[in-house]
Amino acid sequence: MEIYKLLVAALTPLSVAIVGYFLNRRLKNIDDAQWQNRKLIEKRLELYDQIAPSLNAIYCFFVWVGYWKDISPKDLIENKRELDKIVNIYKYLLSQDFYSAYDRFIHLVFRTYSGAGKDALIKSHVSCFDGNRKEHTSYEWKDEFEQLFDSSSVPRKSDVIAAYEATMKELQSCIGISDSK
């Protein structure tokens, strides 16, 4: 019986040490995973800060709301080019659902691949009942801007709004921001 007590007394600290070792290792793995997730979320928030304002500029231009009067056609195309660059560079850091929604939105409002070495064309009117881009803007209209438009396949405002909202919801989702509704 005495030997049994000695054996139990010796095994107790050893078993506590073994359990402590494995528990500590598991906690370290959890901490490492949380750090990686935190870094990923920080990067995605940084991307949100780059992507969301550019998407909003495109939205404003096509829906004729907000600061559409400040966005020249040349600025819009440059904005699209920079946005495409960011989205394509970070395609695999963002979700596939976001990338698909973004692609649908961009192809809805721009006619891409308009010729070798040519910029995408803007699927909008220069002038309509919403306003006149030649007269109601804060930038100086240049005649060359008219060549940047494709008014043959202008999307409906409701389609632009729906595609923009779907893209923003996917961006929100892939960043990990829950919808507060």
Side-chain angles (χ1 to χ4, degrees), residues 22-114 118-124 130-131 133 136-139 145 148-150 153-181:
F22 285 110
L23 184 60
N24 187 36
R25 228 172 95 173
R26 180 69 182 134
L27 290 173
K28 176 74 171 130
N29 289 341
I30 290 171
D31 189 47
D32 288 347
Q34 286 177 336
W35 182 84
Q36 287 175 344
N37 284 338
R38 190 170 31 250
K39 287 297 186 185
L40 181 61
I41 289 170
E42 286 172 8
K43 183 62 178 179
R44 285 179 172 167
L45 285 172
E46 180 184 316
L47 289 171
Y48 184 92
D49 287 343
Q50 294 175 34
I51 294 170
S54 294
L55 284 172
N56 184 258
I58 293 170
Y59 168 80
C60 289
F61 187 91
F62 281 92
V63 183
W64 302 76
V65 297
Y67 57 102
W68 71 268
K69 297 176 183 184
D70 300 331
I71 307 165
S72 77
K74 204 70 169 158
D75 291 342
L76 183 73
I77 290 172
E78 184 58 34
N79 180 42
K80 178 211 176 287
R81 185 179 291 115
E82 286 300 313
L83 191 54
D84 283 346
K85 179 180 172 183
I86 293 166
V87 169
N88 283 298
I89 287 172
Y90 294 104
K91 178 180 180 178
Y92 300 104
L93 189 59
L94 300 165
S95 71
Q96 181 59 44
D97 290 338
F98 165 73
Y99 189 79
S100 296
Y102 171 79
D103 194 55
R104 282 190 300 275
F105 177 64
I106 290 300
H107 285 91
L108 177 68
V109 295
F110 290 99
R111 190 176 94 197
T112 58
Y113 314 113
S114 60
K118 292 185 177 183
D119 289 326
L121 295 176
I122 301 166
K123 293 181 181 179
S124 183
D130 288 316
R133 298 189 197 282
H136 303 140
T137 57
S138 60
Y139 57 87
F145 289 164
L148 303 175
F149 287 82
D150 174 9
S153 59
V154 176
R156 294 181 311 195
K157 260 192 203 183
S158 60
D159 292 339
V160 173
I161 293 167
Y164 171 76
E165 288 179 358
T167 304
M168 291 303 294
K169 284 185 187 293
E170 289 301 335
L171 181 60
Q172 174 188 22
S173 176
C174 79
I175 287 174
I177 302 170
S178 64
D179 193 0
S180 59
K181 290 182 182 181

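Position 1 is the first residue of the sequence, and the numbers go up from there. Everything numeric in this text was worked out from a predicted model, so none of it was measured.
Distance alone, capped at 3.5 Å, places no donor-acceptor pair between the T112 side chain and the A120 backbone. Looking only at distances, no side-chain donor or acceptor of R104 sits under 3.5 Å from a matching main-chain atom of A163. A donor-acceptor pair is defined here as one N or O able to donate and one able to accept, closer than 3.5 Å; such a pair exists between the side chain of R44 and the backbone of L93.
You'll find the side chain of I58 reaches within 4.5 Å of the side chain of F110, heavy atoms only. With contacts defined as side-chain heavy-atom distances shorter than 4.5 Å, the pair L55/Y59 does not qualify. At least one side-chain heavy atom of R133 sits less than 4.5 Å from a side-chain heavy atom of W68.
Minimum heavy-atom separation, Q96 to K91: OE1-CE, 4.2 Å. Shortest non-hydrogen contact noted between F62 and V109 is CZ-O, 3.0 Å. Shown here for A101 and T167, the closest heavy-atom pair between the two residues is O-OG1, 3.1 Å.
With sequence neighbours left out, the side-chain contact (heavy atoms from CB on, under 4.5 Å) criterion links K28 to D32.
Annotation: F105 is not in aromatic contact with F98 [ring centroid separation under 6.0 Å not met].
Residue pairs meeting the salt bridge (charged side-chain N to carboxylate O under 4.0 Å, His left out) criterion with at least one member in residues 54-77, sequence neighbours excluded: K74-D119.
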